[in-house]
Asker: 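Next up is a structure, given as structure tokens.
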Amino acid sequence: MRRWIVLVLLLMAAAAIFVACSDEEPEPTATPVPAPVQASGGGGLPDDLLAVANARGLTPQDIRAALKTYVPSGKKDEYYLFSSGGQSGNVVVIGVPSMRILKQIAVFTPEAWQGYGYGEVGTEAVLDGGNVDTTTIRMGDTHHPALSETNGEYDGQFLFINDKASARVAVIDLRDFETKQIVKDPNLISNHGSSFVPPNTEYVIQASQYATPLGWEYAPISEYKEKYRGLITLYKFDREKGRIDLANSFSIEIPPYWQDLCDAGKLVSDGWAFCNSFNTEMATGGIESGNPPFEAGVSQRDTDYLHIFNWRKAAEVAAQAGKTEVINGMRVIRIPTAVEEGILYLAPEPKSPHGADVTPDGKYITVAGKLDPHVTIYSFDKIMKAIEAKNWTTDDFGIPVLDFDAVMLTQVELGLGPLHTQYDDKGNAYTSLFLDSAVAKWSLGGDDPAGYKLLEKLPVQYNIGHISAAEGDTVSPDGQYLVALNKWAVDRFLSVGPLKPQNEQLLDIGSDQMSVLYDMPMGIGEPHYAQMIKADKIKAWEVYPEVGWDPLTQAPSEFAVKPGEERIERDGNNVTIYMTAVRSHLTPEHVTLKQGDNVTWHITNIETAPDATHGFDIGGQNISLSIEPGETATFQFTANHSGTYAYYCTEFCSALHLEMMGYMMVAPEEAN
Ligand code: RUQ
Ligand code: CUA
């Protein structure tokens, strides 16, 4: 209680001081010269706190930020932020407003702590689902996480994320925060406009980035326009099974413009989706042969194309006989069919666009052009009217290009390098400005172009990419917090060598004026995009529902072992071990093998206490498991080398954790 009173006093004092100096513009880019904090009359700072603030050189603004972000020991955050981990191939889970890292979810890349991809059969199978032909892929470049939605609200059940490098999408189950599936688009090698979901997550949608020959065949670059194509792929999501259903998925062929980011319509625009593109020039590069380099060739035209597609209609058409072509096992709606059926339209958009973001009411689409200081707002109603009136010309592929003036509502000049837009609960929009290293706040004006106005700009450090607002992609954003995902950190943190962490900055958007509250260094790959969900929507399990659980099927495992039933079975060269793990022993403690044995080893963690996880390593075998309470895990290997091995629990689970071990003895062939 006393602490609570002190905090209130501190807040009042900070507010008083803040009001007193609020006629000065806050300048977060410059290192603030701390102004001494003074006790204000009445409810001033207690002397001891004043001394701490002054000794640490904290300004009133710092104190305010600290009060807004500090989550006391034992208390929990208000939001989960699911951030892409970029080239780490993972997802990072962060608590907001504390910005404490809660977990790294292994997705496309093996991760030893979680026992992901180090011998455990279930996780190896998930990773192998993303192999490309005969090549084992164990990396990923995650860009855009998407939370599953019900009626346009995050429902906290699943998270999807793409791998740009190899055109793959992963499904994460938010009951246990583990990756359950990776699927590979058979006809693409890179994606970007992914993952995003319509308001009821019927599909997980993906658009290609760099065009490649249709079917991902070989074709010389000189045949770019004839043979190279992009694809929009609609992965059918089976919520019951928690899996993408590839057999019921399909693609729409699109021109070899490089498609960028997409967003699904909602409410009035539900059923439709919108993707940006650049390189409508269809430049093919080749700087080494004296051709214009990509960066110049791709930026010649003043406009590119917003791709507007009716995914619901496309799903109906894909289900009809003769309307698709099956390419590498995937049904593809070819461009002429898409045009004929009214599935695909284009609209000009200035210039080298990056983000397309539908407003919470579903009525407008904000497009940001990297090389244009404006955002352009399209009206869904105007788009529908232009389609009805056939107010279009066509592009080189016969696709209708809607008249720009007919579909565009207005443009707002925000600053240099606008990229991505999010929304709040008060009718405002926020756009990241890459070149300005700033966030612009502007007002939405409904159908009145005059209502769209730049309100405020806040500098961030540095080179901002995406932004993520609380529940920012839903039909009812929360406002309050916005995270800036910055590409560079330069001098913000203690130096850790030439490879610097990237900086996720927490911004306060719940007050009259935006402010930076916190800098969080990302210690792993580049955080492209993130989504922020109210914490109480996530219903994560504390332990698995039953002892002997298979996390891959989310059902009891047929290989579960009960205490007293531990055993080693031999059938010729095939040895099966049924082991239990409990504080503080593994049973059995002796495993005797012969060189050349094929070993299948099941371990059940029979604990039911939260956090009573046991890890499992065997030296020299590249095996690492994490066996959470209730889980049954399986690994397999061939005992190629004779010798004596120690296996042990890797989690310091009890006072006698070091004793939680055993010996695996592999007798040499000669001795057999
Ligand atoms: S990207 S910084 Cu989403 Cu891949 Cu925009
Ligand atoms: Cu179990 Cu240490």
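We number each residue from 1, following the sequence as shown. All figures in this text were calculated on a predicted structure; none of them were measured in a lab. For ligands, and for the atoms within them, numbers begin at 1 and follow the listed sequence.
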Asker: How are the rings of Tyr452 and Trp442 set relative to one another: parallel (under 30°), tilted (30 to 60°) or perpendicular (over 60°)?
Answerer: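 Tyr452 and Trp442: tilted rings.
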Asker: Check this for me: Trp488, atom CH2, are more than 12 non-hydrogen atoms of other residues, nucleotides or ligands nearer than 6.0 Å?
Answerer: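 12 or below, so no.
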Asker: Of the backbone and side-chain N, O or S atoms of His420, does one lie nearer to atom 5 (Cu) of ligand 1 than 2.8 Å?
Answerer: yes
Asker: Students often mix this up, so state it plainly: with edges at 30° and 60°, are the rings of Phe637 and Phe635 parallel, tilted or perpendicular?
Answerer: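 Parallel.
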Asker: Can a donor-acceptor pair be found between the side chains of Tyr578 and Glu565 at a distance below 3.5 Å?
Answerer: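 On atom types as modelled, these side chains do not qualify, holding no pair under 3.5 Å.
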Asker: State whether Ser654 contributes an N/O/S atom found under 2.8 Å from atom 1 (Cu) of ligand 2.
Answerer: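 Here the distance criterion (N, O or S atom, under 2.8 Å) is not met by Ser654, so no.
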Asker: Check if Lys164 has a non-hydrogen atom at a distance under 4.0 Å from any atom of ligand 1.
Answerer: no
Asker: Aromatic rings Tyr529 and His466: how do their planes relate, parallel, tilted or perpendicular, breaks at 30° and 60°?
Answerer: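 Geometry flag for His466 against Tyr529: tilted rings.
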Asker: For Phe493, does the CZ atom sit with more than 12 other heavy atoms under 6.0 Å from it, leaving out its own atoms?
Answerer: yes
Asker: Taking N, O or S atoms only and a limit of 2.8 Å, check whether Cys649 reaches atom 1 (Cu) of ligand 2.
Answerer: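 For Cys649, the answer is yes, given that an N, O or S atom comes within less than 2.8 Å of atom 1 (Cu) of ligand 2.
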Asker: Below 4.0 angstrom from a heavy atom of His354, which ligand 1 atoms are there? Numbered from 1 as shown, please.
Answerer: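 Answer for ligand 1: 1 (S), 2 (S), 5 (Cu).
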Asker: Which atoms of ligand 1 sit under 4.0 Å from any heavy atom of His143?
Answerer: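 Answer, ordered by atom number: 4 (Cu).
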Asker: Answer yes or no as to whether an N/O/S atom of His192 is found below 2.8 Å from atom 3 (Cu) of ligand 1.
Answerer: no
Asker: Looking at Lys487, which atoms of ligand 1 are within less than 4.0 Å of one of its heavy atoms?
Answerer: 2 (S)
Asker: Only N/O/S atoms count here: what is the atom of His614 closest to atom 1 (Cu) of ligand 2 called?
Answerer: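 Relative to atom 1 (Cu) of ligand 2, the closest nitrogen, oxygen or sulfur of His614 carries the name ND1.
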Asker: Walk me through whether Glu178 and Gln114 qualify under side-chain hydrogen bond (donor to acceptor under 3.5 Å, both in side chains).
Answerer: CA-CA 9 Å; Glu178 288 188 0; Gln114 290 158 78; over 6 Å; no
Asker: Take atom 3 (Cu) of ligand 1 as the vertex and measure to NE2 of His144 and NE2 of His466; round to 10°.
Answerer: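 Centred on atom 3 (Cu) of ligand 1, the NE2/NE2 angle is 100° (to 10°).
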Asker: I need the atoms of ligand 1 closer than 4.0 Å to a non-hydrogen atom of Gly465, numbered in the order shown.
Answerer: 2 (S)
Asker: Once you measure the plane-to-plane angle for His528 and His143, does it fall in the parallel (<30°), tilted (30-60°) or perpendicular (>60°) bin?
Answerer: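 Aromatic pair His528/His143 classed parallel.
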